[in-house]
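Take a look at the structure below.
The chain is numbered in sequence order, starting from 1. Only this structure's heavy atoms are used, side chains among them; waters, hydrogens and symmetry mates stay out. Note that the coordinates shown come from a computational prediction; the quantities given were computed from them, not determined experimentally.
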Amino acid sequence: MINYVLNLQLFAADVNPINVTSQSSMSPTMKTFYDTALLENAREAMVFTQFGDKQPMHGNKVEWRKFNTFAKAMTPLTEGVIPTGQMFGMTKIEGEITQHGDFTAVSDRLELESYDDVIFGATEEMGAAEGETYDTLTRNILVAGNSVMYAGDGATSRQQISKGHKLTPETVNKAATWLKKNKAPKINGYYVALIHPSVAYDLRESEEWKEFHKYNDVTPIFKGEIGELHNVKFIETTNAKIWDNGDATDGSVVYATLFLGAKAFGILDPEGEGMEMIVKTKEQIGGPLNQFSTIGYKFCHGAKILYQERLLRVESGSSFGDVDTPN
């Protein structure tokens, strides 16, 4: 069985990509079945993506519009005098669209001799890979934001972060206060923090976290939610960004925890724009001897930070900083 898979992947690299991405002639019912399997498994991995302001694609770009804010009217009105007034304007923000995809091949012998539905199994795994790819693309755009805070005492740069610079309840309070001072609107009544499990471990070990959750019944409202503190809901994901820190004396890595307000960033609507599962039977693509089937996906991606003042990146260490690897 192992030899089949290894040989298969070498063989799959020679498949004509033009044929692979063409439309399948399977029945509409089967196409819907496999598309649903892809979307359901992809959705589980889309942790960052769930908080984006979704927009459809226009041509080869995705576009968002935001209105300008108005200053306070502090000057008293004078009888009979029309005030100057303020200009109402709108800013257009555009994001580039990129297309991504991948596929695998299943040999006729593997399909015939396996006890399991290998086509469906490959579809499930492809869906998970698609979701992780989409979410990582979104994450990479968000961690490039302009606003950053460093956890712990004394750190003023990423290079100074070590294992001891943990994300504490005090740092969470500072991050929430930063969002409040920037008048960032909340998401269903809360700010949101996207956090790596290693960083979440340290936070959950703090007495303040334990005391809060001992006396408060916290009902999860977001996918991946593990709890709340200082009016911030924490969403755990292994996809949170980790950087190598070659300057750290203890050899630890640096983690990004993203604190968000509502509509901090926008994304291309993943379900409305080309998230597609493509299954080719061995009769369609398997060559003159019908030797393999292919299972793949493709999608378009676009994301953009819309309000820098609604997104704060907190960089910290963790107790696991010398164990985890950059991603």
Side-chain angles (χ1 to χ4, degrees), residues 5 8-9 12-13 15 17-18 20-24 31 34-57 60-62 95-106 118-145 194-197 222-224 235-244 253 255-258 260 264-280 293-305 311 313 324-327:
V5 176
L8 189 57
Q9 296 313 310
V15 176
I18 297 176
V20 171
T21 56
S22 62
Q23 288 296 318
S24 170
K31 184 70 169 61
Y34 284 120
D35 281 343
T36 301
L38 171 88
L39 287 170
E40 289 302 321
N41 284 279
R43 195 175 288 118
E44 288 301 311
M46 289 185 177
V47 178
F48 289 85
T49 301
Q50 67 178 309
F51 298 106
D53 182 23
K54 298 177 179 62
Q55 289 291 338
M57 184 164 59
N60 63 346
K61 294 183 178 180
V62 60
E96 295 296 326
I97 301 297
T98 56
Q99 190 176 50
H100 304 262
D102 203 356
F103 79 97
T104 189
V106 175
V118 292
I119 300 295
F120 182 69
T123 302
E124 288 187 309
E125 294 303 321
M126 276 288 167
E130 186 275 344
E132 290 182 7
T133 303
Y134 197 102
D135 218 42
T136 300
L137 291 167
T138 302
R139 179 207 71 186
N140 289 347
I141 290 172
L142 300 184
V143 297
L194 299 160
I195 188 171
H196 192 276
F222 300 114
K223 180 175 61 183
I235 316 299
E236 194 174 63
T237 171
T238 55
N239 210 22
K241 180 62 181 175
I242 303 175
W243 290 282
D244 180 34
V253 295
Y255 304 82
T257 302
L258 293 177
L260 304 173
F265 68 98
I267 62 165
L268 175 69
D269 187 350
E271 294 190 28
E273 301 295 340
M275 185 179 287
E276 183 180 8
M277 169 59 67
I278 303 166
V279 179
K280 294 286 188 177
S293 305
T294 59
I295 303 95
Y297 66 84
K298 66 178 179 180
F299 64 87
C300 291
H301 179 272
K304 192 84 170 181
I305 297 174
L311 189 154
R313 182 178 76 255
D324 293 331
T325 56
N327 61 5

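- Looking at Thr238 and Pro197, their side chains come closer than 4.5 Å, going by heavy atoms from C-beta outward.
- A search for salt bridge (charged side-chain N to carboxylate O under 4.0 Å, His left out) contacts involving Arg139 returns nothing, not counting sequence neighbours.
- Of all heavy-atom pairs spanning Ile267 and Ala303, the tightest one is CG2-CB, 3.9 Å.
- The minimum heavy-atom distance linking Phe299 with Glu130 is given by the pair CD2-OE2, 3.4 Å.
- Listed by chain and residue number, His100, His301 satisfy the side chain to side chain contact (heavy atoms under 4.5 Å, CB included) test with Thr98 (two or more places apart in sequence, or in another chain).
- Taking the side chain to side chain donor-acceptor pair (under 3.5 Å) definition, one finds that Thr136 meets it with Asn239, sequence neighbours left out.
- Applying the side chain to side chain donor-acceptor pair (under 3.5 Å) test to Asp324 and every residue at least two apart in sequence or in another chain returns Ser198, Tyr255.
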Inset, instruction - Output, in order, the C-alpha distance, side-chain angles, deciding distance and verdict of side-chain contact (heavy atoms from CB on, under 4.5 Å) for Thr325 and Ile242. - result: CA-CA 7 Å; Thr325 56; Ile242 303 175; over 6 Å; no
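- For the pair Gln50 (side chain) and Val47 (backbone), a donor-acceptor distance under 3.5 Å is present.
- Crowding of Lys241 atom NZ: a count of heavy atoms from other residues, nucleotides or ligands under 6.0 Å exceeding 12.
- For the atom pair Glu236 CD and Thr257 OG1, the distance stands at 10.5 Å (nearest 0.5 Å).
- Judged purely by atom type and a 3.5 angstrom limit, Gln55 has no side-chain atom pairing as donor or acceptor with the backbone of Gly266.
- In this structure, Cys300 and Leu268 approach most closely via the heavy-atom pair O-CD2, 3.5 Å.
- Nearest approach of Phe48 to Leu142, heavy atoms of both residues: CD2-CD1, 4.1 Å.
- Here the options are Ile278, Asp102, Val106, the test is side chain to side chain contact (heavy atoms under 4.5 Å, CB included), and the partner is Ile295; only Val106 passes.
- Summarising the geometry of Ala256 relative to Ala240, their closest heavy-atom pair is O-CB, 3.9 Å, with the distance given to 0.1 Å.
- For Ala129, the side chain to side chain contact (heavy atoms under 4.5 Å, CB included) partners at least two apart in sequence or on another chain are Tyr297.
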Inset, instruction - Any chance you could lay out the side-chain contact (heavy atoms from CB on, under 4.5 Å) test for Ile235 and Lys223, step after step, and finish with the verdict? - result: CA-CA 7 Å; Ile235 316 299; Lys223 180 175 61 183; 6.0 Å; no
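- Closest of all the heavy-atom pairs between Ala264 and Leu311 is CB-CB, 4.3 Å.
- Expressed to the nearest 0.5 Å, how far CZ of Phe103 lies from NZ of Lys298 amounts to 13.5 Å.
- Remark: Phe51 pairs with Phe222 by the ring-ring contact (aromatic ring centres under 6.0 Å, His included) rule, at least two apart or across chains.
- Taken to the nearest 0.5 Å, the OG1 atom of Thr138 stands 11.0 Å off from the CG atom of Leu194.
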